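So the structure is just underneath, and the comments pick up after that.
Note: hydrogens, waters and symmetry copies are ignored here, and every other heavy atom, side chains too, is used. None of these values were measured; they are calculated from a predicted model.
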Amino acid sequence: MGLQSSPMLLPAPTATAAGGGSQWRTAVAGPWSSRIKKKTDAVAVPAAAGRWRARARAQDTSESAAVAKGSSLTPIVRTDAESRRTRWPTDDDDAEPLVDEIRAMLTSMSDGDISVSAYDTAWVGLVPRLDGGEGPQFPAAVRWIRNNQLPDGSWGDAALFSAYDRLINTLACVVTLTRWSLEPEMRGRGLSFLGRNMWKLATEDEESMPIGFELAFPSLIELAKSLGVHDFPYDHQALQAIYSSREIKVKRIPKEVMHTVPTSILHSLEGMPGLDWARLLKLQSSDGSFLFSPAATAYALMNTGDDRCFSYIDRTVKKFNGGVPNVYPVDLFEHIWAVDRLERLGISRYFQKEIEQCMDYVNRHWTEDGICWARNSDVKEVDDTAMAFRLLRLHGYSVSPDVFKNFEKDGEFFAFVGQSNQAVTGMYNLNRASQISFPGEDVLHRAGPFSYEFLRRKQAEGALRDKWIISKDLPGEVVYTLDFPWYGNLPRVEARDYLEQYGGGDDVWIGKTLYRMPLVNNDVYLELARMDFNHCQALHQLEWQGLKKWYTENRLMDFGVAQEDALRAYFLAAASVYEPCRAAERLAWARAAILANAVSTHLRNSPSFRERLEHSLRCRPSEETDGSWFNSSSGSDAVLVKAVLRLTDSLAREAQPIHGGDPEDIHKLLRSAWAEWVREKADAADSVCNGSSAVEQEGSRMVHDKQTCLLLARMIEISAGRAAGEAASEDGDRRIIQLTGSICDSLKQKMLVSQDPEKNEEMMSHVDDELKLRIREFVQYLLRLGEKKTGSSETRQTFLSIVKSCYYAAHCPPHVVDRHISRVIFEPVSAAK
């Protein structure tokens with residue numbers, strides 16, 4: 001259970017090192033999980049990177065051990081305004097090789113880096129010389145086949161065994177070698193493999209069947225028979241179901257439609273009988289291919305001799321040194337999926353320029369009808385469209401949700417026209433897109449519940465597997481997104497989970513055959529993300545040790561704030577603002593939140609406290625101890641007043657090098673913020689008739705009211721060198737501040753009424769409806785201002801972080817929060833995949 005609609009009171013949990021599994025999450029592993037073995041050749045890593053990795057592992061171990069033993073591990077803090085960042089010794093040296101390597105990957109992006117498909121290469125190898133001579137038109141394709149047979153006699157993905165993949169690749173290569181009377185020994189070993197493994201077709205999961213397999217494999221069998229291929233088990237029992245599926249699918253193909261408008265069928269033309277090529281040639285893609293499929297285009301070339309088909313195949317063969325992939329280009333797919341992986345792994349901040357270039361590229365090729373995996377496609381699909389929509393909107397581009405009307409019919413959403421079954425990843429990314437909807441965007445408001453219910457149903461059935469990808473933990477990815485929507489997702493919680501869900505170079509995609517995307521799935525991203533997480537975590541552990549000392553010195557336990565409350569407050573700050581260079585903001589958030597809880601409690605219990613605190617906050621720093629009760633009293637009022645004043649002094653000292661100017665001005669800003677908060681808290685308390693009889697439930701201190709949320713925002717902004725909240729220059733910025741307060745108040749109210757859900761059911765429903773509307777408006781103002789590139793994006797991010805943290809805290813059960821604290825703050829990420 002993650003962000004549930006009604007938080008429950010649960011017994012106090014114990015923080016556990018729970019590895020990669022989740023005690024609170026139902027995530028059924030797919031049948032592929034035990035079949036993926038370590039891929040040793042997915043990504044070539046330079047020797048220098050290998051040496052760096054050995055140093056990085058040693059450094060990670062020594063730092064983690066030092067923190068565990070309580071040893072001193074002091075970061076070097078540079079406080080000059082030009083280069084304000086926290087830097088670990090050797091941190092830059094360790095990270096630099098990986099950062100450079102990834103940067104080179106991202107800047108190399110073109111039409112897509114993708115593995116070769118033996119099946120498609122075999123179809124290209126079948127094309128006879130177009131001048132009427134003997135032999136293949138593309139001998140390089142035949143050479144590739146001769147050079148890439150696996151030791152067991154098959155062709156296909158060497159690191160992962162799929163009967164579908166190995167059988168169709170192997171038969172295709174045997175057919176091509178037979179066509180040109182080449183390599184009889186290779187053909188024999190290939191046929192032997194087919195005979196030994198044909199039975200496995202009956203045991204394969206249909207969800208992982210490659211695109212068009214039930215059409216393409218029988219077509220290859222017929223071609224093999226026509227070429228006189230012997231020793232193939234044509235009548236094997238496992239083939240009968242494939243033959244039956246082919247008959248059903250052929251009857252369902254809308255022949256007139258497929259000859260009239262571009263559809264996904266164009267991707268799988270090879271071997272299909274009864275085609276009208278004169279009409280089909282009018283549906284070619286702009287690059288000369290048939291929906292970017294080398295196999296389909298090779299088949300068209302064999303039947304038509306079309307120059308544009310030839311040019312496409314010739315370019316692709318030369319690009320991949322004889323082989324061809326199962327689909328090409330894949331430029332949009334590569335750009336958006338790589339950005340998504342970097343962001344979820346928590347390392348996107350290293351590559352802001354490269355990510356901006358990626359998103360500019362995607363935006364240039366965005367259309368109001370949607371996109372697919374390649375630019376300039378006449379066929380669109382929802383998976384790439386939803387991913388691109390979400391990333392473009394989050395990165396400040398203006399995109400219309402009306403694009404999703406192209407994927408809706410009769411109240412249901414689909415991946416592409418004519419699909420035979422719904423894909424999990426398509427609905428998964430549609431749901432992610434729906435989480436950033438604006439008011440009035442009805443199509444997204446329909447898409448959200450539709451995709452959510454589909455995915456929850458698949459989860460309940462243990463069927464969160466996908467027909468497009470074989471990944472390490474797709475069920476975990478899906479369930480996390482459903483449990484923690486965008487507006488309640490803390491970046492470091494997401495990164496910690498995704499580090500164990502992302503399979504790196506072992507993740508494999510399913511097309512006509514299995515294929516790999518090295519710039520989307522690789523071990524280099526994973527290595528940098530692990531190192532970055534563990535280094536940030538080591539710093540967070542040191543900060544927590546210092547915060548515990550501060551908590552004790554200020555006697556905050558005497559004011560109803562338990563150490564567990566302090567840890568949770570720090571966790572919310574560190575999970576949201578985690579970067580080493582933002583330590584001042586993170587600690588300002590945490591200390592202000594902890595102290596605000598203590599002051600709130602004491603304001604209710606001590607009538608004299610408000611006046612004394614307000615008086616002290618009005619004093620100049622040099623006046624506050626002049627013979628007053630402040631210097632002589634050791635009572636609770638004085639203890640807490642001193643704590644507030646010491647905090648403002650400390651924040652002012654830390655912020656002064658950033659702001660420049662007169663330190664007293666920074667004091668004034670900080671004290672003014674606290675004084676205003678005290679007045680508003682007191683006024684809000686006075687306005688509540690008969691007071692509140694609700695008892696604070698566990699975790700409720702993490703959800704702040706409007707006054708406290710705005711106080712936290714001002715503390716963060718002042719500590720960062722900005723003075724947000726003093727004067728918002730844009731109407732939209734002022735509305736964001738108002739909505740932040742309203743949302744946090746509603747979340748606080750929800751925490752209180754949820755203590756008796758049966759009695760307050762109607763009120764909870766009203767609060768939920770109100771929250772939904774306010775969050776949509778908040779998202780709209782936040783992202784629309786990002787489109788205009790006006791005001792301070794960092795300030796808007798501060799308010800977003802506060803809203804996310806409150807939403808998370810209001811909906812997340814305490815035992816889940818404590819588990820996240822353990823994983824984010826205390827458990828280093830293991831190097832094991």
Side-chain angles (χ1 to χ4, degrees), residues 111 114-149 155-156 168-184 186-187 190 212 215-216 219-229 266-273 275-278 280-329 374 511-513 515:
D111 283 343
I114 182 172
S115 59
V116 168
S117 160
Y119 167 81
D120 288 77
T121 302
W123 272 103
V124 170
L126 281 172
V127 178
R129 283 178 55 176
L130 299 177
D131 62 5
E134 289 295 321
Q137 176 63 41
F138 302 101
V142 179
R143 281 197 300 273
W144 188 95
I145 292 170
R146 296 166 77 175
N147 292 333
N148 285 277
Q149 188 175 33
W155 282 264
I168 197 168
N169 279 307
T170 302
L171 180 56
C173 290
V174 168
V175 164
T176 298
L177 293 175
T178 302
R179 171 67 179 82
W180 304 116
S181 302
L182 297 171
E183 304 291 353
M186 276 189 176
R187 283 154 34 203
L215 294 176
S219 295
L220 281 174
I221 292 174
E222 291 176 1
L223 188 53
K225 189 177 294 186
S226 71
L227 289 171
V229 173
L266 294 176
H267 191 71
S268 303
L269 294 178
E270 64 271 17
M272 194 178 293
L275 299 178
D276 184 340
W277 289 106
L280 284 174
L281 284 173
K282 298 176 182 177
L283 303 179
Q284 272 178 289
S285 299
S286 60
D287 64 355
S289 72
F290 278 87
L291 200 53
F292 317 110
S293 165
T297 309
Y299 186 60
L301 179 59
M302 279 188 264
N303 283 276
T304 67
D306 180 72
D307 288 342
R308 295 175 65 215
C309 287
F310 171 80
S311 295
Y312 169 79
I313 295 294
D314 190 53
R315 287 194 309 272
T316 309
V317 168
K318 290 174 180 175
K319 169 77 176 178
F320 290 89
N321 299 315
V324 294
N326 84 105
V327 57
Y328 192 77
K512 291 184 180 180
T513 59
Y515 66 100

**OP:** Provide the full list of salt bridge (charged side-chain N to carboxylate O under 4.0 Å, His left out) pairs with a residue in residues 297-315, sequence neighbours left out, each pair given once.
**Re:** D314-K318

**OP:** For residues V142 and W180, report the shortest heavy-atom separation together with the two atoms involved.
**Re:** CG2-CD1, 4.2 Å

Original post:
Which atom pair, heavy atoms only, marks the closest approach of E134 to R129?
Top reply: O-CD, 3.0 Å

Subject >> P136 side chain reached by T176 side chain, heavy atoms, under 4.5 Å >> reply: no

Subject >> Heavy-atom check, side chain of L275 versus side chain of N303, under 4.5 Å >> reply: no

**OP:** Would you name the heavy atoms of L266 and A296 that are closest together and state the gap between them?
**Re:** O-CB, 3.6 Å

**OP:** With sequence neighbours left out, write down each residue that passes side-chain hydrogen bond (donor to acceptor under 3.5 Å, both in side chains) with W155, or none if nothing qualifies.
**Re:** none

Subject >> Smallest separation among heavy atoms of W277 and A300, with atom names >> reply: CZ3-CB, 3.4 Å

**OP:** Would you give the length of the straight line joining atom CD of E270 to atom CE of M302, rounded to the nearest 0.5 angstrom?
**Re:** 9.0 Å

Subject >> Spacing of CE belonging to M272 relative to CG belonging to L215, to within rounding of 0.5 Å >> reply: 5.5 Å

Original post:
For the atom pair CD1 (I145) and OG1 (T170), what is the distance rounded to the nearest 0.5 Å?
Top reply: 11.0 Å

**OP:** Test S293 against K512 for side-chain hydrogen bond (donor to acceptor under 3.5 Å, both in side chains), laying out the working first.
**Re:** CA-CA 9 Å; S293 165; K512 291 184 180 180; 2.6 Å; yes

Original post:
So, F138 versus W123, ring centres under 6.0 angstrom or not?
Top reply: no

**OP:** Check whether any side-chain heavy atom of Y515 lies under 4.5 Å from a side-chain heavy atom of S117, and answer yes or no.
**Re:** no

**OP:** Taking the side chain as every heavy atom from C-beta outward, state whether F320 and W144 have any pair of such atoms under 4.5 Å apart.
**Re:** no

**OP:** Go through D276 and L280 one step at a time and tell me if the side-chain contact (heavy atoms from CB on, under 4.5 Å) criterion holds.
**Re:** CA-CA 6 Å; D276 184 340; L280 284 174; 5.6 Å; no

**OP:** Check whether any side-chain heavy atom of Y119 lies under 4.5 Å from a side-chain heavy atom of N326, and answer yes or no.
**Re:** no

Original post:
Between atom CG of L223 and atom CG of L227, what is the distance when rounded to the nearest 0.5 Å?
Top reply: 5.0 Å

Original post:
After noting the C-alpha distance and the side-chain angles of Y299 and F290, does the key distance pass the ring-ring contact (aromatic ring centres under 6.0 Å, His included) rule?
Top reply: CA-CA 10 Å; Y299 186 60; F290 278 87; 9.8 Å; no

**OP:** Could you pull out the closest heavy-atom pair between V127 and A298, with the gap in Å?
**Re:** CG2-O, 3.7 Å

**OP:** Compare all side-chain heavy atoms of I168 with those of L220 and state whether any distance is below 4.5 angstrom.
**Re:** yes

Original post:
What distance do Y312 atom OH and S286 atom OG have between them, rounded to the nearest 0.5 Å?
Top reply: 11.0 Å

Subject >> Contact check, side chains of L291 and L269, non-hydrogen atoms, under 4.5 Å >> reply: no

**OP:** Identify the two heavy atoms, one from T121 and one from G323, that lie closest to each other, and give their separation to 0.1 Å.
**Re:** OG1-CA, 3.5 Å

**OP:** Would you indicate whether the side-chain heavy atoms of P294 and T297 approach each other to under 4.5 Å?
**Re:** no

Subject >> Value rounded to 0.5 Å, distance of CG in L177 from CG in L182 >> reply: 6.0 Å

